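Contents: one structure, followed by commentary.
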2 protein chains.
Amino acid sequence: MATFQQSSDLPRTAAKRSRPPARTSRRSEPPEVRRKQLISATMHSIAKNGLSGTTMATITQEAGLSLGIANLHFKSKEKLLLATLEAIAGEYNSGQAAVLADRDHENLVHKLNDLVDFHFSKNITQKNKLAVWFAFFGESKVRPTYQRIWSGHDIQSVAAIRDFFERIVAEGNYQTAHATSIARGYTAMIDGLWLDLLIAPRELNRLQAKQVACHYLASVFPNHMSIGSE
Amino acid sequence: MATFQQSSDLPRTAAKRSRPPARTSRRSEPPEVRRKQLISATMHSIAKNGLSGTTMATITQEAGLSLGIANLHFKSKEKLLLATLEAIAGEYNSGQAAVLADRDHENLVHKLNDLVDFHFSKNITQKNKLAVWFAFFGESKVRPTYQRIWSGHDIQSVAAIRDFFERIVAEGNYQTAHATSIARGYTAMIDGLWLDLLIAPRELNRLQAKQVACHYLASVFPNHMSIGSE
DNA sequence: TAGATATGAATGAATGATCATTCATTGCTA
DNA sequence: TAGCAATGAATGATCATTCATTCATATCTA
């Protein structure tokens, strides 16, 4: 899914004056292209400048477009930010769903490993994306819309993981395990480890974080995850 | 004639009913009192308005003081925010240290329960405080100073918990448990559960969150934490 | 003790900077 | 050429910061 690369391959200085003719001869692009371009630029700007340092100017510069363009395709800055949050949540949820639905690995042991691999993949744990996640969390108490979007994402994600863990509990015949509680605990631990990766990268790297999550899963699902494995 | 009154009309707008010019108190308070007052007001404003909605005006209004006072006692808004973050991190660390140092509960089973009780106490999981925590996290990627403060807090907290877990591992003779990894996993899970409490309070309440954490501890330290206990 | 003066904490109007949004204009494309 | 995407200067709103002024209290003086 290499969707959001466009904006970064043009030097920012090119934005102002010369438009490279590029491959397409049309100056005006379909709205959908511009929207994706602007959403991608918003992510980059939030990662680089923080949410409070992200202005219409930083976003449109990053996209190599003019100042007014964002209000043309989105009605306001607020709506552009919401679209950005939705894009990230959507990418995450569909990626996780793909792992859980993968028919090539109906073996639950493999699938559990795939799930952890996904959650700690380079793509998902990119500093930029984590920065965007947590930037929105910080404002969510005050912005009901942010809260609603994340709440929906959370419910979906936890439910999918819970269903999967229920199958593992059944297959492993784990007597004391409670799939719902483990699903909540696992997703919470993932969020917390991501926070560590973002804020204290010197204390913890991606693979160590994955190890920590694997230890947890190994302690509750010993027949499906072995401590030394990943 | 009636114009004599003009100059005494002013006090109404002043200080928004801060306090009656009571006999005991001087109008001017010691700097330490004002600093605490302003830090407290900053927390309230961040919880109420978000970090981006917090201005010098909202802070000083909350404190019942005038606009200029914050720049008098702190050099800038930035420094006031940093002082606020430090105050919260300090309160948390000293609270946790007190639990771990408590001589009345040298029994590790009791102390482990006290620790979880602390982490999910009403005081620590107040929505307002969580909102402040995560508001700063969101900006930390971009503000090195925020990152440094939180990083220091994190290192201290994890180290203290790791030392405590090492004693539990030794006492329980847990063969596969790795205190460092469990300490990281536990603190990460706490952060993640707090995030859920803040953002998805309908999905999870304080006691359920505590249950989830206890399940985790019970799975790694079965002799020190029983699933149904808390 | 009463009155005068000094001190500096506290105030808030004014300033200048930043930013979202608008819209008249530009210029590509069909 | 008509239509419309795109532009960016201009606008108005918001906000941090400044600083001349106010005023409660302490200290001095007779």
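Given the structure is predicted, the values throughout are model-derived calculations rather than measurements. Each chain gets a letter, A, B and so on, in the order the sequences are listed, and its residues count up from 1.
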Exercise for review: Determine, using ring centers only, whether B:F134 and A:F134 are less than 6.0 Å apart.
Suggested key: no
Practice item. Measure from the ring center of B:W150 to the ring center of B:F136 and say whether it is less than 6.0 Å. Key: no
Review point. So do B:S181 and A:Q211 actually touch side chain to side chain, heavy atoms under 4.5 Å?
Key: no
Check your understanding: How about B:V158 and A:E203: do any of their side-chain heavy atoms sit closer than 4.5 Å?
Key -> no
Given atom [atom1] of [X] and atom [atom2] of [N], what is their separation to the nearest angstrom?
X     : N      : atom1 : atom2 : result
A:F74 : D:dA6  : CZ    : C1'   : 15 Å
B:L67 : C:dA14 : CG    : C1'   : 11 Å
A:I59 : D:dG8  : CD1   : C1'   : 17 Å
A:R34 : D:dA5  : CZ    : C1'   : 8 Å
A:K77 : D:dA13 : NZ    : C1'   : 14 Å
A:L80 : C:dT21 : CG    : C1'   : 14 Å
A:L38 : D:dA5  : CG    : P     : 14 Å
A:R35 : D:dA6  : CZ    : P     : 13 Å

Check your understanding: Considering residues at least two apart in sequence or located in another chain, which fulfil the ring-ring contact (aromatic ring centres under 6.0 Å, His included) criterion with B:H73?
Key -> none
Point to revise | Upstream residue (5' side of DNA chain C) when B:G68 and B:L72 are each assigned their closest nucleotide | key: B:L72
Exercise for review: For DNA chain D, determine which residues of residues 47-56 of chain B have any heavy atom closer than 4.0 angstrom to one of its atoms, and list them numerically.
Suggested key: B:T54, B:T55, B:M56
Check your understanding: Do you see a donor-acceptor pair shorter than 3.5 Å between the side chains of A:K129 and A:N123?
Key -> yes
Review point. Can you tell me if B:H153 and B:N93 form a side-chain donor-acceptor pair at under 3.5 Å?
Key: yes
Check your understanding: Can you check whether B:H73 has a side-chain N or O nearer than 4.0 Å to OP1 or OP2 of C:dA10?
Key -> yes
Check your understanding: Considering only side-chain heavy atoms of A:N71, which listed nucleotide, C:dT22, D:dT7, C:dT11, is closest?
Key -> C:dT22
